[in-house]
Protein chains: 2
Amino acid sequence: MAEAGIRPKHEELLAAAVRLFRQKGYHDTSMQDLAEAVGIQRGSLYHYIEAKEDLLWDIMDRAMRRLLDAVEPVAASSAPASEKLRRAVQAHLAVAAEHRDELVVLHVELKSLSARRRERMLALRDRYEGLFRGMVEEGVRTGEFRAADPKTVGLAILGACNWFTTWFRPEGPLSAADFARAFADLFLEGLVRSPQRQGG
Amino acid sequence: MAEAGIRPKHEELLAAAVRLFRQKGYHDTSMQDLAEAVGIQRGSLYHYIEAKEDLLWDIMDRAMRRLLDAVEPVAASSAPASEKLRRAVQAHLAVAAEHRDELVVLHVELKSLSARRRERMLALRDRYEGLFRGMVEEGVRTGEFRAADPKTVGLAILGACNWFTTWFRPEGPLSAADFARAFADLFLEGLVRSPQRQGG
DNA sequence: TAGAAACTACCAAACGTTTGGTAGGCCACA
DNA sequence: TGTGGCCTACCAAACGTTTGGTAGTTTCTA
């Protein structure tokens, strides 16, 4: 919660927690696992944190803010809706590619947070979903997009983007930017060929 | 694994496990929790199962087969690719709406399976992903769809469909069929308005 | 009267967390 | 230039509880 400068061992611990929580899940990762990962004794972890759940919160909070920081400027810009949406997808996938494990933990371990913290996190998530819904809304309002339910469409797009973290492999032939282009084309132009546009 | 007719209490146990595993996660659900949910003592659970993991496997296996049984006939039919894709999305969302908890467990708890069982499940998942990729491939091949990478598009569509389980609420104003229509419109026609088709 | 269904009692291990303590570095003060 | 006080970093051991699972026995029911 309180910023405390850079504490190397604490960062190392967080990094180990991200990896283990993604691999085994929060509840199946023991303090023993975490201690071994950073090379200290189980009890010594409490020199750095007050409780196991603090690690989970820090990871999820950080991940959520990465997404908000990446997409909020895009949503606030003055480009056409289609261009905003394209850039938002690109921004999301870029974060997702660089911080895959964090984002998987964010999505999967919401249920492992305490009620208070879960509510705070859900509020941030709602804000994030609102960005995508808002861009679709804007496109529909200005007539750039066809009539569509912005909430449903926003969730569909965000779903595809969120799922990306579960299958993307950086060692594959396509980059996150490649996938972002393919995604945006799909959402904006659709699959069905139309001779009047994009000519082939 | 071996089919054994209908065993009411065993079904009750499975149903309780689905609910608890979705709510709290597999590792945070104890045998005590399960026993209380079906009104027997902890040790008595082992009259119905050999190990806790059997419950997880049965749930995931059942969920995966529901999806395959729903979509495989669609993919094997002789309709145009766009129509197949529309029906596949409809079929997936129908299963997802009726068996939400099962599908969430299927997606979230893969990591909690033993290595052997996880591999078997991944094989089934690959088969399922192949159905969607195949439909896109077909559309591109026949020229019904524009040029696109079938694997990427298949995963994007499936991602949106899989994410559906995390936010769909049956008590909401829109049915799974409504969402399926909106999803299919998005994937097939895209968002950007085109005067030459669907005229408005 | 056999088998299914459930009980009680128990196990060894693991859990997250707390405790009391130590080693070494830094800094003010005499 | 020592030295006492405080800090960070960590250890080893123990805390009480819970874990998944087993064994042997009793109760219900067809």
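Throughout, protein chains are lettered first and strands after them, A, B, ... in sequence-line order, and every chain is numbered starting at 1.
Aromatic pair A:His92/A:Tyr128: centroids less than 6.0 angstrom apart.
Rounded to whole Å, the distance from CG on A:Leu13 to P on D:dA9 is 12 Å. Computed from coordinates, the B:Leu34 CG to D:dG21 C1' distance equals 14 Å when rounded to whole Å. Note: NE2 (A:His47) to C1' (C:dA23) measures 13 Å, nearest angstrom.
Cluster annotation: A:Trp163 is connected to B:Met60 through the hydrophobic network of ILVMFWY side chains, with a link wherever side-chain heavy atoms come within less than 4.5 Å.
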Item to check | Heavy-atom protein contacts under 4.0 Å, nucleotides 11-20 of chain C, coded B base, S sugar-phosphate only, - none | outcome: ----SBBB--
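Within the 3.5 Å criterion, the main-chain N or O of B:Gly159 finds no donor-acceptor partner in the side chain of B:Asn162.
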Expected list for residues 35-47 of chain A: side-chain donor-acceptor pairs under 3.5 angstrom, two or more places apart:
unit_1: A:Glu36; atom_1: OE2; unit_2: A:Gln32; atom_2: NE2; d: 2.9
unit_1: A:Arg42; atom_1: NH1; unit_2: A:Gln32; atom_2: OE1; d: 3.0

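Among pairs with a residue in residues 14-23 of chain B, those fulfilling side chain to side chain donor-acceptor pair (under 3.5 Å) read B:Arg22-B:Asp101, at least two apart in sequence or across chains.
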